[in-house]
Asks: 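Take this structure first; my questions come after.
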2 protein chains.
Amino acid sequence: MELCTLRSFIAVAKLKSFSAAARELHIVQPAISRQIASLEEELGVSLFWRNTREVKITAAGEVLLVEAHAMIALEGRAKEYTQRAARGQAGNLRIGYISSACSGFIPTLVRAYAQRYPHVAISLQDLTVEQQLDAFDKEVLT
Amino acid sequence: MELCTLRSFIAVAKLKSFSAAARELHIVQPAISRQIASLEEELGVSLFWRNTREVKITAAGEVLLVEAHAMIALEGRAKEYTQRAARGQAGNLRIGYISSACSGFIPTLVRAYAQRYPHVAISLQDLTVEQQLDAFDKEVLT
DNA sequence: CCAGTTTACGGACACCGTAAAAATC
DNA sequence: GATTTTTACGGTGTCCGTAAACTGG
């Protein structure tokens, strides 16, 4: 099962037509036929009942449709979160600091950052200078 | 982004090695290299930091890993639910009955069925014979 | 050097697009 | 008979596998 196949499946379910789905996806209609057929074969399940006049989704197709939508949505989220993480706007931000030296402004800084980048998990650690250097050694990032 | 690519990505992340992932997936190692590279190119994001000695996932890679696992899990669920639905063990079961004729055993039947197939949404409708025939006409299933 | 990743290259398989056939109204 | 799906077929593109080059310890 691949996402491109599911996209075709969703289009057919939405438009109730193989040819209309093909137009929407900018491919030819036999390609849609083949993709749906192979998906049905892979699952061993009939997803649409169709003849030359109408296309009707089956009960099993309805079930798959819900899951397919979820998977496509998840794909978009995965892409977005990953790219956001790469820009430093998500992931984990671990801050080692010396409490005595900067007890005042760290909370303000962290609060502002957290508000701006809500997807970042932040952890604060009160470390000595030696501990900080050691931590850097152990976990060097790109 | 395709699921087969994500499977390779997950294998590399798990084993921290391109060649080990290749062995696990029964393909050759250059294929893994290409898939990861194309995934990184598609996202515009570096997913692993690697040299000939070690493979280390990046922060962005960690984020994608979580989503990738979710997508693969969703795929399995989609397959299972769909096949279950095709066997009549999920979906919607709508029962039209005549209350006067079988007021006694319907509840027992339904309760037993619901216990056996928890994924089925059941709705009961008290219909006359004409209404039942009409309902069949309007919503013929496979 | 050695183990592992990347790059280069040749070939096979899958998938698309065109075209014809089948089917349903 | 017209429209839509299915099937058949030829071709191209993608992706795999083999082999060689590169990289870092």
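Every chain is numbered from 1, with letters handed out A, B, ... down the list of sequences.
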Asks: Rounding to an integer number of Å, can you tell me how far B:E2 CD sits from C:dA14 P?
Replies: 16 Å

Asks: Write down the distance between CD (A:Q29) and P (C:dA19), rounded to a whole number of angstrom.
Replies: 15 Å

Asks: Is there a side-chain contact between A:S33 and the phosphate of D:dT5, meaning an N or O under 4.0 Å from OP1 or OP2?
Replies: no

Asks: Closest approach of B:I57 and B:F48, non-hydrogen atoms and distance?
Replies: CA-CD2, 3.6 Å

Asks: What is the minimum heavy-atom distance between B:A60 and A:A85, and which atoms define it?
Replies: CA-CB, 3.7 Å

Asks: Decide whether A:T5 and A:Q35 meet the rule of one side-chain donor and one side-chain acceptor closer than 3.5 Å.
Replies: no

Asks: To the nearest 0.5 Å, what is the distance between CZ on B:F18 and CZ on B:R23?
Replies: 13.5 Å

Asks: Nearest 0.5 Å, what's the CG-CD distance between B:L3 and B:E75?
Replies: 5.0 Å

Asks: Report, as a single string ordered 5' to 3', how protein heavy atoms within less than 4.0 Å touch nucleotides 20-25 of chain D: B base, S sugar-phosphate only, - not at all.
Replies: ---BBS

Asks: Reckon A:S19 has a side-chain N or O less than 4.0 Å from the OP1 or OP2 of D:dT5?
Replies: yes

Asks: Round to the nearest Å and state the distance from A:E41 atom CD to D:dT6 atom P.
Replies: 14 Å

Asks: Where do N or O atoms of nucleotides 9-16 of chain D meet protein N or O atoms at under 3.5 Å, pair by pair?
Replies:
residue: D:dC16; atom: OP1; partner: B:Q35; partner atom: NE2; Å: 2.7

Asks: What's the CD1-C1' distance between A:I32 and C:dG17, to the nearest Å?
Replies: 13 Å

Asks: Would you please test B:M1 and A:K79 for side-chain contact (heavy atoms from CB on, under 4.5 Å) and show each step?
Replies: CA-CA 9 Å; B:M1 193 187 300; A:K79 196 165 181 173; 4.3 Å; yes

Asks: Is the phosphate of C:dA23 approached by A:R50 (side-chain N or O, under 4.0 Å from OP1 or OP2)?
Replies: no

Asks: Atom CD1 in B:I10, atom NE2 in B:H69: separation rounded to 0.5 Å?
Replies: 4.5 Å

Asks: Please tell me which of A:E54 and B:V55 maps to the more 5' nucleotide of DNA chain C, matching each residue to the nucleotide holding its nearest heavy atom.
Replies: B:V55

Asks: Rounded to the Å, how far apart are A:F48 CZ and D:dT4 P?
Replies: 17 Å

Asks: Without decimals, in angstroms, what is the distance between B:L15 CG and C:dG4 P?
Replies: 13 Å

Asks: Taking B:R77 first and then A:E67, would you say they form a salt bridge - that is, a charged N and a carboxylate O separated by under 4.0 Å?
Replies: yes

Asks: How many whole angstroms separate atom CD1 of A:I36 from atom P of C:dC15?
Replies: 14 Å

Asks: Quickly work out the A:F18 CZ to C:dA23 P distance and round it to whole Å.
Replies: 16 Å

Asks: Going by the salt bridge (Lys or Arg N to Asp or Glu O under 4.0 Å) test, which pairs reach into residues 26-41 of chain A, not counting sequence neighbours?
Replies: A:E40-A:R50

